Each structure stands twice: as structure tokens, then as C-alpha cells.
Visitor: 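Dumping the structure here so I can ask a few things about it.
Numbering of residues begins at 1 and proceeds along the displayed sequence. For clarity, every value in this text was computed on a predicted model and none was experimentally measured.
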Amino acid sequence: MAADSDEMHERLIKSFQPRLRNLIAVQQVLDLLDFVTPDQKERIRQKNTNEGNRAAADALVTAVIQKPHQAGWFRAFVDALEGSGCGYAADYIQNKIPEPEVETENDNCVRLIQILSPSLVDMKVAEVRVHCLSQELITQDDSEIIAAATRNHGAKTGARELLGRIVRGRPGWFSKFLSILLETQHTKLYYELTGGSPDCDKQAQQNERQLPINSVYTPQAHKADDITLRDYQMKVVRPALEGKNIIICLPTGWGKTRAAVYVAKKHLDSRKAAGQTGKVAVLVNKIPLVEQHYSAEFLPFLKPMYKVERVSGASQLKISFVDTLRKNDVIICTAQILENYLDRSRTGEDEGVNLSDLSLIIVDECHHTQKEGVYNEIMVRYLKQKIKNAKLKKEQKPTVPLPQILGLTASPGVGGATKLDKAVEHILRICANLDASKIMTLPPDQLKRDSKKTVKPVEDRKEDPFGDVIKKIMNAIHYHAQLKPNGDLGSQIYEQWVVQMERKAVLEGDHKVRACAEHLRQYNEGLGLSNTIRMWDALNFLNKYHEEEMKNKTTPDEEQVIQITDTERFLFNLFKEYKEELHKLANNPDYENKSLSILRTKILQEFSTRQDARGIVFTKTRRVAIALTQWIQENPKFADLDVKAAYVIGGGDQSVVKPMTAAEQKDVLTKFRSGEVNLLIATSVAEEGLDIPKCNVVIRYGHVGNEISMIQTEGRGRAEDSTYTVVDVKDSGVAEKECVNEYRKDMMNKAIDKIGALKQDAYDKKIQEFQIQAIMEYRLRMKMKQKEDIKNEDPSEVKFSCRGCSQEVCTGEDIEVIEDIHRVNVTPQFRELFIRKESTKRKDSLLDYETNGYIVCGKCGQRWGSMMYFRGIQCPSLHVKNFVVAISGKNMPKCSKWTDVPARFSAFDYVAHADQLVESSDEEDA
């Protein structure tokens with residue numbers, strides 16, 4: 001039995017070794033371990049000195065699990081971890097694993113400390129150290145080591161030592177550390193970690209220091225009775241104060257959220273006065289908006305009278321949402337969280353939430369309440385119950401209470417309508433989905449701002465030799481592959497044609513056309529980039545692509561030969577032939593695009609004529625946003641006018657460009673608020689919702705969305721005398737699109753006026769019709785979805801072959817699924833087919849797995865997926881878009897994500913694979 005127990009403990013320690021190396025303080029643990037020999041301890045200490053704590057932790061783990069074991073070795077190791085302040089590590093090896101959500105949030109807190117450590121090391125380390133010791137964030141030994149590092153090497157070294165030790169604690173250390181920063185007067189550092197604003201009054205700081213350690217400090221705290229609405233705000237909220245469901249439609253920056261806070265407070269007040277319980281849910285569609293609404297609006301104005309909490313997918317509290325809702329008066333959460341718990345209640349699988357548990361739902365950015373959006377999923381539940389209630393009422397039976405609904409939007413849009421009647425229908429559908437009795441706004445003449453709007457058209461370059469060379473290369477590829485292009489080179493029509501050619505070639509196994517089409521897509525994007533940003537940036541993009549492709553054709557040890565076809569050799573040589581010419585042209589400023597020149601002039605003009613210029617440049621892609629930022633930072637003319645640029649881009653991973661984390665976004669926006677950055681270069685992520693105040697310069701560069709996007713972008717210019725400029729880019733058509741958006745905006749205002757003029761009976765009849773239609777459409781979607789979810793294909797009939805060379809790779813029987821997300825193949829046969837490559841990108845480390853490098857076809861170099869480690873087991877993870885998928889011998893025409901594959905794969909059997917790993921390692925040791 002003892003041997004079995006030892007084997008189980010060894011397996012646990014090995015499984016969690018990737019985490020343990022970050023959680024063990026090697027020096028202190030060694031001092032408390034008796035069963036590790038003096039020689040081993042000396043070698044481990046030497047490794048700690050030479051290679052650092054992580055490498056030493058690996059050596060320590062190896063020594064601990066080395067056989068033969070002394071009696072009680074495992075308990076001694078646990079005690080040593082606990083005694084040295086490494087309790088979190090002790091929890092793991094005892095299989096006391098925190099909930100995934102708790103673990104994720106803790107990982108995010110650790111990562112935030114690492115990202116912001118350059119600022120945090122400026123803390124008064126001696127003072128913070130004392131508080132950390134009293135709060136048990138560090139041990140006495142830790143404190144002495146930090147003090148010695150401070151004495152011998154300076155305060156910054158001591159601060160780094162302190163930060164490295166507190167992050168090893170059990171979850172909950174972060175909120176304690178925030179409290180300590182406030183207590184020790186490190187307000188600026190506190191704000192960097194929380195993303196708040198440093199412009200708060202001192203009295204509010206004093207009050208907040210009395211908060212418990214798990215509270216979040218809120219800038220600009222107000223008493224609950226301090227909410228003062230302007231006349232126009234009071235006008236639009238009046239029906240809501242009477243308990244009616246309404247939509248408030250006001251431009252960005254006109255105080256919709258403040259009006260919603262006022263309604264929430266009055267609602268809770270009236271419920272309390274009537275002896276009833278009030279529960280308010282504020283729904284948002286983006287995670288950053290949860291913290292923003294919580295810290296900037298609802299908490300400051302509603303405490304201490306009411307309890308306010310926030311929950312999102314990035315929060316620990318989402319696992320106890322039901323309890324959190326029960327304990328608080330106002331919950332600010334992502335809509336998906338509420339939908340998940342409403343669904344739990346429906347299925348009865350777990351404790352869930354009912355709509356009747358809420359008395360008011362506030363829906364932010366409510367124009368998204370349509371079609372298959374999560375807002376609409378929630379509201380369809382509401383509408384179904386409303387119809388049931390009407391039936392129960394007729395039968396004189398008790399009805400189920402439903403919450404009041406308050407929708408907020410800057411623009412409902414027109415839904416692509418070209419005629420006024422269709423625009424009216426679109427807005428009425430949104431009103432119906434939200435069960436709104438009316439849409440409250442102001443007359444268009446009262447909503448007009450004084451911002452000056454101009455559209456800057458662009459003329460074609462008289463000469464574009466850089467673009468001509470790229471087109472020459474593309475035409476050579478057309479000739480080689482015998483392709484007849486559709487559309488002008490560089491246009492969207494051409495891009496669509498190339499994508500179709502590539503898909504067709506993949507299905508037919510025509511690798512000559514497939515390879516040519518892939519390269520043509522890159523050259524087409526390069527043409528677009530040269531019309532938008534510098535030629536040098538476009539050349540760098542093409543150069544990087546070819547370097548990556550060549551890298552995939554080589555092996556690290558050069559022992560394995562990767563196939564290079566004649567077509568691939570032609571494509572590589574073609575770029576090599578013209579690379580020098582492109583390089584020379586890219587260095588000639590005479591050939592730069594005119595749009596960039598217009599943008600430069602506009603920014604310089606605004607920043608030279610304004611005392612305190614602060615602006616946003618909106619652009620289409622992440623790559624362009626980053627390149628424009630670099631261009632501004634490298635240009636001395638901008639520096640002379642103190643233009644300080646930074647980019648803010650999205651956090652999703654749909655793009656090949658590395659996304660921005662929520663912490664990175666928050667850091668940039670904090671700097672923008674404080675003035676450390678005065679020009680944001682942003683993608684559409686900054687259009688909607690995010691609190692970006694006091695802009696007086698807004699520029700749309702080469703990109704215009706729909707009328708909703710235009711209205712929200714215009715709303716970013718909140719300061720007086722702000723300007724709004726649209727800069728055209730060749731082949732973008734933004735000038736024409738902006739005119740169309742102006743027309744649609746005018747149509748939207750007329751549609752709202754027309755709806756407002758309807759008699760209530762006529763309005764109610766329309767709403768009822770659209771609500772019944774919405775429920776029927778929802779039922780039809782659910783039936784269709786159920787059919788799609790039935791995946792009856794036998795995994796053995798699903799075959800995967802390499803997209804690059806058609807080599808047969810595996811069948812569905814070889815695929816296993818980790819956590820319903822990652823499809824992995826750990827068979828020995830598969831390992832013989834790929835080559836592992838080191839990635840230049842940052843490693844992703846989440847929960848129990850981390851990605852480290854990628855895998856490519858050993859025959860042709862086609863990328864297949866990534867290499868991940870799941871609880872210590874190496875698992876090649878496949879990306880289905882890199883394969884041709886055939887079912888029963890027939891190739892699937894489109895398979896870009898795993899949900900497109902109509903088969904269910906078996907779950908990853910961790911225990912079985914871990915046992916195999918232990919057995920193989922035992923054989924090697926023997």
C-alpha cells in the first residue's frame with residue numbers, strides 16, 4: 001500500500017511540476033527538508049545561484065521524488081512547503097486544486113504584477129514589506145531576505161524580491177496587496193494595477209482606507225444622494241421611473257450610464273419603501289466594461305446604501321454567481337454569465353437563476369439585442385414568460401414576476417435598410433426584443449454637437465513604382481499557375497477571388513495553385529499596406545512572411561529533409577529576385593502614399609494649434625495600428641510637438657497579429673487619461689463602450705464601419721471645439737461610405753421620430769407581432785442548431801491529410817479532446833510525422849497547460865498546430881484549418897474550425913497517459 005501511495009504522490013508532483021517551479025521558494029524549502037542529502041542540497045543551491053529559482057525548483061522536485069523513498073517523505077515535503085510560505089504549492093501536490101476560474105484569475109493577477117513590475121519597483125519597499133509581513137503575504141524569512149537585498153543592492157532589487165515572493169501565495173493575495181498599497185500612500189501604483197484614475201479627492205482616499213481588504217477602491221466617491229441629472233437626462237428617464245420598459249438613445253458622452261444609475265437607485269429606493277426586495281442586473285457585452293461601470297458609475301453613487309458587485313468571465317465570483325446575486329443589490333456582469341445561469345435553472349443540472357429573481361435589468365449597448373446575440377437569448381426567455389403570463393392571467397392563475405427592462409444605446413442603427421419603412425421596422429424589432437414601451441431620445445437639433453467634420457479625399461499617386469513591382473511579381477505568379485485573375489490587383493474583389501482559388505486547390509489537391517494563391521494573398525495585402533502605411537512597413541510584412549515560410553522548410557538539426565516543390569522554389573526565388581529593388585524604392589520618400597501625408601498634416605495641424613490636444617486615430621487592422629504608432633514615434637516632427645502615441649487593439653485571437661491583453665489595454669487607457677499618452681491609434685475596440693474622455697481630435701483613417709460605428713466614433717470627440725476627420729485611402733472607398741452613413745444616420749433619426757409619432761395602440765400591436773415572430777424565429781434556430789449538434793459520423797471515417805502536401809496524417813480515432821477545447825494527437829505514429837519548431841511569440845501559460853512552440857509537417861513544412869503541455873504531458877494540438885478533412889472518402893469544402901467537423905472525438909484520458917509516461921520513465925531509469 002505504501003508503494004502505491006508513493007507512486008500516486010510522485011505522479012501528482014510530476015503532473016504539477018510546471019506550476020511548482022513558479023511556486024516554490026527553493027532556499028527556504030531546502031532548509032526544512034531532512035531527507036534530501038547534503039550533496040543534493042549543495043547542487044540545488046548552486047543551480048539556484050547560477051540559473052535561478054525556476055531551474056533550482058525543477059532540481060528540487062527531481063531530488064524529492066527520487067527513489068528509494070524514506071518513510072514519511074511526502075508529508076515532510078508538504079510540511080516544508082507550508083513552513084516556508086509555499087502553501088499554494090502544498091495545496092497542488094495534495095490535489096487541493098482550486099476551481100478553474102479561481103486559478104485563472106490568480107494567474108492573471110500574477111501576470112499583471114509581472115507586466116507592471118517596472119513601475120512597482122519604485123515602491124517604498126521597507127514600508128510595504130512590514131505590511132506584507134503583518135498580512136502574512138510573506139514569511140519572516142522572506143522579510144529578512146528582502147531587507148538584505150534592499151541593504152546590499154538597493155530598493156529596486158528589494159522590491160523585485162518582494163514581488164517575486166507575494167505572487168507565490170494562495171489566491172487572495174492580490175486584494176491584500178492592493179489594500180497595502182493604499183495604506184502606504186502608493187496611490188499611483190494602486191491605480192496602475194486597477195486601471196483607475198489618479199484624479200480623485202483626498203477625502204475619498206481617506207474613506208476608502210477603511211474598506212475591507214477585498215474591496216476595490218473607487219475614484220471620485222459620492223454619497224448616494226449626489227446623483228444630479230441634467231434636464232434632458234431627466235426627460236428621457238421619466239417613463240423608467242414610472243416602472244415602464246424603455247430604451248434610452250443618447251449619443252456617446254451624453255450620460256446614458258449616469259441616467260441608468262439614477263434609475264437603479266430610485267428603483268431600489270421604491271422597492272425598499274414598499275417592503276420588497278430589489279435586485280438590479282447591469283448587463284454588458286465586453287469584459288472591460290464590467291469594471292468600468294462598477295468603478296466609475298454604480299459603486300461610487302450607490303454605496304453605502306446598496307451593495308454592488310461585478311462578475312465577468314475573468315472573475316472568481318462567476319463560480320458563485322447565485323450566491324453573489326443573493327448577497328448584493330446590484331450585479332454588473334457580462335450578459336453571457338447571466339445567460340449561463342438562466343440555462344442552468346432551465347436544465348436543472350445545477351443551481352441557477354431565474355428572471356423572476358431580478359427586479360430590473362439594464363442592458364448596455366442594447367442595439368445588439370437582435371438575431372443570435374446573447375442579449376436576445378436572455379430577452380427571448382423574457383418574452384416567452386410574458387406570453388405565458390398573459391395566458392395564466394386569463395385563466396386567473398398566479399403569474400411569474402418579470403423584471404423591468406432599461407436599454408441603453410447611442411444608436412440603434414438601421415440594420416442595412418435603404419428605405420425609411422425598413423429602418424422603422426429594424427428599430428421596432430429592437431424595441432420588441434427589449435419589450436420597450438417607447439424609445440426615449442431628444443430631437444436631432446438638440447443632439448447636434450459643434451464638432452467640425454471634414455472628409456479628406458485622396459488622389460492617386462502619379463508614380464507608384466513600389467506597387468508596380470509587387471504587381472509585376474503577382475502577374476508572374478499568375479502566368480506560372482495559369483491563373484486568370486478577377487478584379488484589380490490590390491482590391492477586395494481580387495482578394496475574394498484568390499481565397500476561392502486557394503480553397504478549390506486544397507480540395508482538389510492542386511498544390512501548385514494552392515501555393516501560388518497563398519503567396520498572392522500576401523502580395524495583395526502588401527499592396528493594400530503600401531497604400532495605407534509606409535512602403536517600408538509593407539516590405540517588412542512581405543519579408544517576414546517569406547522568412548517564416550523558409551524557416552518552415554528547415555529542421556533545427558538539419559537531419560531531416562523537408563520537401564520543397566518546384567513551385568515553392570519559384571516563389572521563393574521570385575521574391576529574392578525583386579527584394580533589393582523593393583528595398584531601394586521603400587527608402588525613397590517621394591513615392592510614399594498621399595493618405596499618409598494627409599494624416600501627418602492633420603495631426604501636426606491639430607497639435608500645433610491646440611493648447612491641450614488629445615486625439616484618437618481609428619484604423620482598420622491591428623497591423624496598421626501598430627505600424628502607424630511606430631511611424632509617429634519615429635518621426636521627429638511629431639516629437640517636437642510633444643505628440644505621444646500608443647496603440648490599443650483587440651484582445652481576441654482571430655488575427656495573426658498578437659492580441660492585447662485586458663491589462664495592456666487598461667494600461668494604455670490609463671496613460672491616455674493621465675496625459676502620458678495624448679494620441680491613441682485604435683482599431684474598432686475603442687469605438688464602443690470603453691470610457692475614453694475629453695478627446696478633441698477624432699480621425700478615421702482608411703476605415704469606416706456602419707452608421708452605428710460612425711455615431712459612436714463621432715461621440716469620442718467629447719471636448720468642446722472637437723474635430724472629426726475622415727482620411728480616405730486608395731481603394732478603401734471610405735469617403736463614399738461616410739456619405740452613405742450620414743444618409744443612414746439621418747434615416748435613423750427620421751425612423752425614431754416616426755416611431756415616436758405612432759399612437760400607443762398601433763405601436764403596441766406592432767411590438768406584439770414582432771415579439772411573436774422573434775419567439776418563432778428562436779424556436780426555428782434551436783431546431784436547426786439541434787440538427788447541427790447531432791454529430792453521428794464515425795470518427796474512424798474522418799481522415800485528416802496535410803493541406804500542404806496531401807500526406808495522410810491520422811483519423812478521427814487518433815484525436816482526443818482536452819477540456820472541450822483542444823484537439824490533440826498523442827499517438828506514437830503521429831509523432832513520427834511532424835517536426836517541432838520554437839516559436840518567437842510569447843508562451844501562453846493558462847491553468848494546467850502551456851503552449852510552447854509549434855509543429856509542422858515533416859514532409860513539406862506546412863504548419864499543423866502548436867505544442868502544448870497539459871499537466872506535464874506533451875500534447876501536439878492540431879488546428880483543423882491546416883488540414884484537408886475527408887469524411888467517408890469525400891473532402892469537406894470548408895473546415896476552418898473544429899465545430900465544422902460532424903464527429904465527436906473521445907475525451908483525453910489523462911490518467912491513462914500519465915501512467916504510460918510513468919512506466920516509460922521507469923523503464924529508462926532501470
Side-chain angles (χ1 to χ4, degrees), residues 101-102 105 171-172 174-176 178-179 182 194-196 200 204-227 240-241 257-284 287 289-335 337-338 341-342 351-364 401 403-406:
E101 292 83 357
V102 175
E105 180 151 344
F174 186 70
S175 58
K176 292 182 180 181
L178 289 178
S179 181
L182 285 176
T194 60
C200 59
Q205 292 181 30
Q206 287 295 113
N207 293 339
E208 283 297 336
R209 291 185 197 119
Q210 308 304 317
L211 288 175
I213 58 173
N214 62 343
S215 296
V216 172
Y217 179 76
T218 306
Q220 299 174 332
H222 300 265
K223 294 179 182 177
D225 294 330
D226 272 358
I227 310 175
L241 299 178
T257 310
R258 184 66 50 82
V261 176
Y262 184 85
V263 171
K265 182 186 177 299
K266 292 299 181 183
H267 173 84
L268 292 169
D269 289 347
S270 64
R271 299 279 295 191
K272 185 188 287 186
Q276 299 172 318
T277 302
K279 291 286 179 187
V280 180
V282 183
L283 305 184
V284 300
I287 289 177
L289 296 180
V290 174
E291 186 65 37
Q292 179 178 300
H293 286 338
Y294 172 80
S295 299
E297 294 288 349
F298 285 88
L299 184 65
F301 286 100
L302 296 183
K303 69 170 190 180
M305 291 184 67
Y306 298 106
K307 293 179 181 177
V308 185
E309 190 51 271
R310 75 283 201 219
V311 185
S312 72
S315 166
Q316 294 180 23
L317 291 174
K318 78 171 184 179
I319 62 172
S320 57
F321 182 76
V322 176
D323 193 47
T324 304
L325 180 64
R326 194 178 295 125
K327 292 178 180 177
N328 292 277
D329 303 299
V330 180
I331 293 287
I332 301 148
C333 65
T334 46
I337 296 287
L338 178 61
Y341 278 85
L342 289 170
E351 187 179 14
V353 170
N354 296 307
L355 285 172
S356 57
D357 296 329
L358 303 168
S359 58
L360 171 63
I361 296 178
I362 298 171
V363 184
D364 191 37
Q404 180 184 349
I405 305 295
L406 174 62

Visitor: Shortest non-hydrogen contact from F298 to A264?
Guide: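 So the minimum-distance heavy-atom pair works out to CE2-CB, 4.2 Å.
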Visitor: Give the ring-plane orientation class for Y341 versus F321, where under 30° counts as parallel, over 60° as perpendicular and anything between as tilted.
Guide: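 Ring orientation, 0 to 90° scale: tilted.
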Visitor: State, yes or no, whether a side-chain contact exists between S359 and T277 at a heavy-atom distance under 4.5 Å.
Guide: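 The answer is no, as the side chains (C-beta and beyond) never meet within the 4.5 Å cut-off.
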Visitor: So, do Y294 and V311 sit near enough that their side-chain heavy atoms are less than 4.5 Å apart?
Guide: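 Side-chain contact under 4.5 Å: no.
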Visitor: List in chain and number order the residues that pass side chain to side chain donor-acceptor pair (under 3.5 Å) with N354, two or more places apart in sequence or in another chain; answer none if no residue qualifies.
Guide: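 Partners of N354 by the side chain to side chain donor-acceptor pair (under 3.5 Å) criterion, ordered by chain and then number, come out as S345.
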Visitor: Enter the distance from L406:CG to D364:CG here, rounded to the nearest 0.5 Å.
Guide: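 It comes to 10.0 Å.
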Visitor: With sequence neighbours left out, write down each residue that passes side-chain contact (heavy atoms from CB on, under 4.5 Å) with N328, or none if nothing qualifies.
Guide: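 Partners of N328 by the side-chain contact (heavy atoms from CB on, under 4.5 Å) criterion, ordered by chain and then number, come out as K307, E309, T324, I331.
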Visitor: So which heavy atom on L268 is nearest to which on K279, and how close?
Guide: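 Taking every non-hydrogen atom into account, CD2-N, 4.3 Å.
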Visitor: Once you round to the nearest 0.5 Å, how far does CD1 of I227 lie from CG of L302?
Guide: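 CG of L302 is found 6.0 Å from CD1 of I227.
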Visitor: Give me the atom names and distance for the closest heavy-atom approach of P300 to S295.
Guide: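 The pair with the smallest heavy-atom distance is CG-O, 3.1 Å.
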Visitor: How long is the straight-line distance from CG of D329 back to CG of L360, given to the nearest 0.5 Å?
Guide: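 So the CG of L360 and the CG of D329 are separated by 12.0 Å.
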Visitor: Just how far is it from atom CE of M305 to atom NZ of K265, taken to the nearest 0.5 Å?
Guide: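 The NZ atom of K265 is 5.0 Å from CE of M305, to the nearest 0.5 Å.
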Visitor: Tell me every residue that passes side-chain contact (heavy atoms from CB on, under 4.5 Å) with S270, counting only those two or more places apart in sequence or in another chain.
Guide: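 With sequence neighbours excluded, S270 shows a side-chain contact (heavy atoms from CB on, under 4.5 Å) to no residue whatsoever.
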Visitor: Kindly determine whether D357 and V322 satisfy side-chain contact (heavy atoms from CB on, under 4.5 Å), including the steps that lead there.
Guide: CA-CA 10 Å; D357 296 329; V322 176; over 6 Å; no
Visitor: Keeping the roles fixed (side chain from Y306, backbone from D269), state whether a donor-acceptor pair exists under 3.5 Å.
Guide: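 Confirmed, Y306 side chain pairs with D269 backbone.
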Visitor: To the nearest 0.5 Å, what is the distance between CD1 on I362 and CD on Q404?
Guide: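 It is 9.0 Å, given to the nearest 0.5 Å.
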Visitor: With side-chain contact (heavy atoms from CB on, under 4.5 Å) as the test, would you mind laying out the steps for T257 and H293 before giving the verdict?
Guide: CA-CA 8 Å; T257 310; H293 286 338; 3.8 Å; yes
Visitor: Please report the closest heavy-atom contact between V290 and C333, naming both atoms and the distance.
Guide: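 Result for this residue pair: CG2-C, 4.1 Å.
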Visitor: In Å, rounded to the nearest 0.5 Å, how long is the span from CD1 of I332 to CG of L283?
Guide: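 Between atom CD1 of I332 and atom CG of L283 there are 10.5 Å.
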